[in-house]
Enquirer: 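Below you'll find the structure I mean.
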Amino acid sequence: MTGSDEFHNLEVPRLSSTEARPSGGTKPTFPSDFLWGAATSAYQIEGAAGEGGRSRSIWDVFSRIPGNVLDGTNGDVATDHYRRFRDDVALMARMGLGAYRFSVSWPRVQPEGRGHANPEGLDFYRRLVDTLLDHGIEPWPTLYHWDLPQQLEAAGGWPERDTAKRFADYVMLVHEAIGDRVRSWTTVNEPWCSAFLGYASGDHAPGRTEPAASVRAAHHLLLGHGLAVRRLRDAGAGRVGIILNLYPVSAASTSAADTDAARRVDGLHNRLFLDPVLRGRYPPDVVTDLAPVSTFDHVRGEDLPVIATPQDMLGINYYTRHTVAAPNGEGSARHGTREDRPPPYPGSEGVRLVRGSGSCTAMGWEIDASGLVDVLRRLHSDYPPVPLYVTENGAAFHDTEPHNGLVRDPERIDYLDAHLRACHAAITEGVRLRGYFVWSLLDNFEWSWGYTRRFGMVYVDYPTQRRIPKQSAHWYAGVIRHNGLPATEAH
Ligand code: IFM
């Protein structure tokens with residue numbers, strides 16, 4: 001935010017009669033203590049890559065290799081949040097956010113990934129947390145959102161057990177700095193992405209294509225989470241939890257082959273992470289599926305109890321559902337990655353993602369809010385009880401340029417509206433869902449898609465860094481203010 005006051009009055013813009021669509025339903029109201037938030041992550045917004053004593057992360061290195069990022073960009077400047085955080089927090093306050101989920105950059109706080117802390121880096125997060133608290137916004141730091149210090153990758157990265165220990169040490173540096181002011185901690189964001197996009201498909205940093213290493217990485221990310229939970233709890237931290245990206249997985253047909261493909265993909269995407277964390281064991285069928293690439297001999301006897309250390313909450317990131325077919329099953333292939341090749345994840349080789357009939361976001365992800373209800377229901381009925389938070393949900397669309405200070409993004413409002421109705425339905429069924437964070441507060445660096453995809457409720461004009469709240473930001477502010485949704489769907 002550049003100090004302009006286009007966000008001055010957060011009234012929901014009036015809709016024309018053709019834009020309003022009756023739902024016929026009642027007006028969903030959320031529990032009075034429901035937490036309304038928005039999320040970002042360090043590498044995607046901070047910029048200031050070479051400042052304040054920050055070292056290089058794996059994304060600084062990966063994004064500089066031609067071909068890795070669609071538009072050839074990187075997070076050097078991003079949304080310049082490192083310098084503009086005060087304006088950004090003021091903007092959040094005007095939206096009425098109750099919580100802000102941000103991530104702490106490990107290479108900013110502990111440049112070598114081990115050893116001494118960088119006081120300037122810690123100071124940045126102290127100032128951010130203080131500013132949030134001054135505005136009545138609860139800070140929700142995430143301790144790892146994909147920006148591993150490059151020095152740790154040079155030492156082997158997440159496939160090495162030592163990285164999990166280094167992570168727990170770094171977490172304590174952060175806790176020492178802001179632990180007196182932070183109540184809610186999330187450890188690792190979407191370990192599936194770090195492990196399998198980072199070490200198997202190579203779509204994300206560090207860009208390795210080593211299936212065996214990806215399975216080890218998945219385990220060590222979980223171990224790092226468990227070690228961090230224990231250390232944080234010993235240090236008196238309030239509430240701690242991990243964040244998983246979960247997808248309902250359906251078979252494209254009732255054939256035995258497609259049904260088995262769905263089991264495999266569900267195992268690899270969901271149960272490989274949920275079961276160790278919430279049940280203290282790896283699912284035997286997934287271990288069998290992964291046998292061609294891993295004997296799981298990296299798993300030590302003491303690890304699973306550590307990973308399953310009871311946590312106070314579970315964060316769920318939900319974007320879409322998957323329908324899958326066996327290699328020669330039914331259905332038509334869908335873009336699995338940017339390059340339109342089948343995802344080479346171990347354990348599900350040859351399985352195809354099948355395009356559904358619904359419309360898609362600019363990421364090519366099918367919009368299906370009912371999948372969020374499915375995910376929440378499953379956690380409620382199949383796993384031990386734990387308070388749930390939707391820690392990311394949102395969509396990229398090809399937003400139009402600002403016109404008269406307004407960016408109209410009706411598809412995003414529709415998306416958020418539908419998914420919040422799904423949250424409300426789940427709560428009505430008894431699911432312990434306690435809060436919801438939109439991804440994302442601001443347009444930002446969307447990893448290997450660079451700046452070509454905009455997820456923000458706030459438009460960022462990158463050349464000037466001007467922030468322009470989109471119509472969805474106004475709409476979300478209204479939802480927060482009313483603690484509920486309109487009786488009619490938004491657009
Ligand atoms: O931008 C990412 C975020 O960093 C992690 N979850 C998914 C988002 C959209 O791809």
Side-chain angles (χ1 to χ4, degrees), residues 37-47 57-60 62-63 68-71 73-75 78-79 81 100-106 140-148 186-198 201 203-205 221 241-247 269-270 273 314-322 335-338 343 353 360-368 371-372 375 389-399 409 411-412 415-416 419 436-458 460 472:
T40 63
S41 89
Y43 190 73
Q44 294 179 273
I45 66 162
E46 280 182 9
S57 76
I58 52 176
W59 270 95
D60 294 289
F62 177 81
S63 59
N68 280 349
V69 175
L70 189 59
D71 56 2
T73 58
N74 57 50
T79 71
H81 172 78
Y100 172 51
R101 188 188 144 223
F102 59 95
S103 81
V104 176
S105 158
W106 189 348
W140 270 58
T142 295
L143 293 154
Y144 185 72
H145 199 125
W146 307 355
D147 47 357
L148 186 72
T186 52
T187 54
V188 173
N189 180 70
E190 301 182 356
W192 181 89
C193 294
S194 289
F196 295 115
L197 300 180
S201 75
D203 288 319
H204 278 192
L221 283 151
I242 195 170
I243 294 179
L244 302 177
N245 50 321
L246 302 174
Y247 308 80
H269 265 285
N270 301 316
F273 298 91
L314 175 68
I316 298 155
N317 294 355
Y318 176 79
Y319 289 93
T320 189
R321 70 157 68 241
H322 291 325
H335 295 202
T337 67
R338 183 157 57 73
L353 297 173
C360 291
T361 70
M363 301 295 285
W365 299 343
E366 190 175 349
I367 302 171
D368 190 338
L372 178 53
V375 165
Y389 288 84
V390 173
T391 37
E392 280 183 31
N393 176 238
F397 290 105
H398 296 295
D399 299 323
D409 58 343
E411 299 109 319
R412 183 170 293 101
Y415 182 100
L416 297 175
H419 287 78
Y436 175 91
F437 292 75
V438 174
W439 185 272
S440 176
L441 176 73
L442 304 168
D443 291 337
N444 58 49
F445 177 75
E446 177 52 27
W447 306 112
S448 55
W449 298 81
Y451 297 97
T452 66
R453 295 296 183 276
R454 291 178 179 268
F455 273 90
M457 290 183 288
V458 175
V460 177
S472 57

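All ligand and atom numbering here is 1-based and tracks the order in the structure. Counting from 1, the numbers follow the sequence of the chain as shown.
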Enquirer: Among all protein heavy atoms, pick the one closest to atom 7 (C) of ligand 1 and tell me residue, atom and distance.
Expert: Glu392 OE1, 3.2 Å
Enquirer: For ligand 1, is Arg453 a contact, meaning one of its heavy atoms is under 4.0 Å away?
Expert: no
Enquirer: Are any of the N/O atoms on Trp447, whether in the backbone or the side chain, positioned under 3.5 angstrom from an N/O atom of ligand 1?
Expert: yes
Enquirer: With side chain to side chain donor-acceptor pair (under 3.5 Å) as the test, would you mind laying out the steps for Tyr100 and Thr40 before giving the verdict?
Expert: CA-CA 8 Å; Tyr100 172 51; Thr40 63; 2.6 Å; yes
Enquirer: At under 4.0 Å between heavy atoms, is it the side chain or the backbone of Trp365 that contacts ligand 1, or both, or neither?
Expert: side chain
Enquirer: Within a distance under 4.0 Å of any heavy atom of Phe455, pick out the atoms of ligand 1 and give their elements.
Expert: 9 (C), 10 (O)
Enquirer: In terms of ring plane angle, is the pair Phe445 and Trp447 parallel, tilted or perpendicular, where the classes change at 30° and 60°?
Expert: perpendicular
Enquirer: Less than 3.5 Å between some nitrogen or oxygen of Trp146 and one of ligand 1, yes or no?
Expert: no
Enquirer: Please determine whether a side-chain nitrogen of the Lys or Arg among Asp399 and Arg412 lies less than 4.0 Å from a carboxylate oxygen of the Asp or Glu.
Expert: yes
Enquirer: Can you find a side-chain donor-acceptor pair between Asp203 and Ser448 that sits under 3.5 Å?
Expert: no
Enquirer: Quick one: pull up CD in Glu190 and CG in Leu246 and give me the separation to the nearest 0.5 Å.
Expert: 9.0 Å
Enquirer: With a 3.5 Å cut-off and no angle check, do the side chains of Asp71 and Tyr451 form a donor-acceptor pair?
Expert: no
Enquirer: What about Gln44: any of its N or O atoms under 3.5 Å from an N or O on ligand 1?
Expert: yes
Enquirer: Identify, for atom 1 (O) of ligand 1, the protein heavy atom at the shortest distance, and state residue, atom and that distance.
Expert: Glu446 OE1, 2.6 Å
